[in-house]
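Some notes on the structure that comes next.
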Amino acid sequence: MACWALQITGLILGGIGMTGTFAITAMPQWRVSAFIEGNIVVFENIWEGLWMNCIYQVNVKMQCKFYDTVLALPPILEVSRGLMCFAVMLSVIAFLTAIIGMKCTVCVGDNKQVRSNILLAAGIIFILTGILILIPVSWTASNIIGDFYNPAVHAGLKRDLGAALYLGWVSSAFLMIGGAIFCSFYSCADKPRTRKYSSHSCHRLHKFEDVEMKSTTKHAYV
């Protein structure tokens with residue numbers, strides 16, 4: 001029962017992380033306007049994401065525009081796009097693999113060793129996905145903070161950390177915790193077998209001692 005509850009918990013955490021991965025990739029709030037010094041135009045917000053930038057003005061409909069060309073994008077944006085797309089793919093694979101390896105499915109029968117191997121694979125993929133998300137999110141945050149405290153950058157060009165970055169850190173944590181839960185089932189899979197083997201060995205040892213004792217008694221009687 002405890003194993004079943006842990007599997008459900010790991011799947012829920014992985015599912016939340018997978019949903020967050022989709023949201024992070026699509027959200028434009030990676031870099032947002034920073035209202036500092038003379039930049040007090042609070043009725044206009046600028047959002048910059050992986051695929052588009054948006055301008056939100058008070059009493060005006062938000063306008064978003066996809067980037068015109070890939071060749072003009074900065075390297076950090078190109079790398080972030082690739083890593084996040086790969087993370088989305090891995091999160092889906094990990095989620096489906098975890099479902100196949102859980103006790104509620106009959107795809108792999110009753111072989112506990114096969115199930116533990118499948119859950120181990122799902123856990124490793126979940127953890128890798130969390131690491132992949134951390135790279136572009138932390139890299140972007142470091143770039144934003146560096147520009148924010150750089151006096152050479154004009155105040156109007158400075159940006160603040162967007163909601164997508166915070167969601168990225170949270171989703172990464174959910175993915176890695178869920179992956180660690182699934183990986184823990186692999187180490188637990190061999191314990192019942194070890195106890196069974198030890199019990200069987202002790203039974204054989206006691207049987208051998210009984211035979212030896214009877215033989216000794218017989219020779220002593222003769």
Side-chain angles (χ1 to χ4, degrees), residues 1-32 47 49-51 76-77 79-145 160-194:
M1 188 64 181
C3 292
W4 168 251
L6 281 176
Q7 288 181 7
I8 292 296
T9 303
L11 187 66
I12 292 175
L13 292 177
I16 295 175
M18 180 186 66
T19 305
T21 305
F22 279 94
I24 299 161
T25 307
M27 288 175 63
Q29 294 97 331
W30 282 62
R31 301 160 58 94
V32 298
W47 298 341
L50 297 180
W51 313 98
I76 183 175
L77 191 56
V79 174
S80 298
R81 277 184 173 186
L83 291 176
M84 289 306 303
C85 290
F86 192 43
V88 168
M89 181 182 66
L90 285 182
S91 65
V92 174
I93 294 175
F95 189 77
L96 296 178
T97 304
I99 293 177
I100 294 174
M102 290 179 64
K103 289 185 176 181
C104 61
T105 58
V106 295
C107 300
V108 294
D110 295 329
N111 193 326
K112 294 183 179 180
Q113 186 61 37
V114 174
R115 287 184 181 276
S116 64
N117 290 335
I118 294 175
L119 291 178
L120 175 65
I124 292 175
I125 298 174
F126 270 132
I127 294 174
L128 288 177
T129 305
I131 295 174
L132 282 178
I133 294 175
L134 277 180
I135 295 174
V137 169
S138 301
W139 189 9
T140 302
S142 177
N143 193 13
I144 292 173
I145 295 173
D160 202 353
L161 303 178
L165 301 182
Y166 297 104
L167 182 59
W169 286 315
V170 174
S171 299
S172 177
F174 277 120
L175 287 168
M176 288 191 284
I177 294 173
I181 292 175
F182 283 122
C183 289
S184 65
F185 286 99
Y186 183 78
S187 59
C188 296
D190 293 333
K191 290 183 179 179
R193 178 183 300 179
T194 304

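These numbers come from the heavy atoms of this one structure, side chains and all, not from hydrogens, waters or symmetry mates.
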Between [atom1] on residue [X] and [atom2] on residue [Y], distance to nearest 0.5 Å:
X: Leu11; Y: Ile16; atom1: CG; atom2: CD1; result: 10.0 Å
X: Ile76; Y: Asn143; atom1: CD1; atom2: CG; result: 4.5 Å
X: Met176; Y: Leu128; atom1: CE; atom2: CG; result: 10.5 Å
X: Phe182; Y: Ile125; atom1: CZ; atom2: CD1; result: 11.5 Å
X: Leu77; Y: Thr140; atom1: CG; atom2: OG1; result: 8.0 Å
X: Leu83; Y: Thr25; atom1: CG; atom2: OG1; result: 10.5 Å

Stepwise side chain to side chain contact (heavy atoms under 4.5 Å, CB included) check, Ser172 with Val137: CA-CA 10 Å; Ser172 177; Val137 169; over 6 Å; no
Determine the minimum heavy-atom distance between [X] and [Y], stating which atoms define it.
X: Ile133; Y: Ala87; value: CG1-CB, 4.0 Å
X: Leu119; Y: Ala98; value: CD2-O, 3.8 Å
X: Ile127; Y: Cys183; value: CD1-SG, 4.2 Å
X: Phe22; Y: Ser91; value: CE1-OG, 4.4 Å
X: Pro136; Y: Met84; value: CG-SD, 3.7 Å
X: Gly49; Y: Trp30; value: CA-CD1, 4.0 Å

Any donor and acceptor pair, going by atom type alone, linking the side chain of [X] with main-chain N or O of [Y] inside 3.5 Å?
X: Ser142; Y: Trp139; value: no
X: Thr21; Y: Gly17; value: yes
X: Arg115; Y: Met102; value: yes

4.5 Å side-chain heavy-atom contact, Ile177 and Phe126: no
Side-chain heavy atoms of Leu134 within contact of Trp169, under 4.5 Å: yes
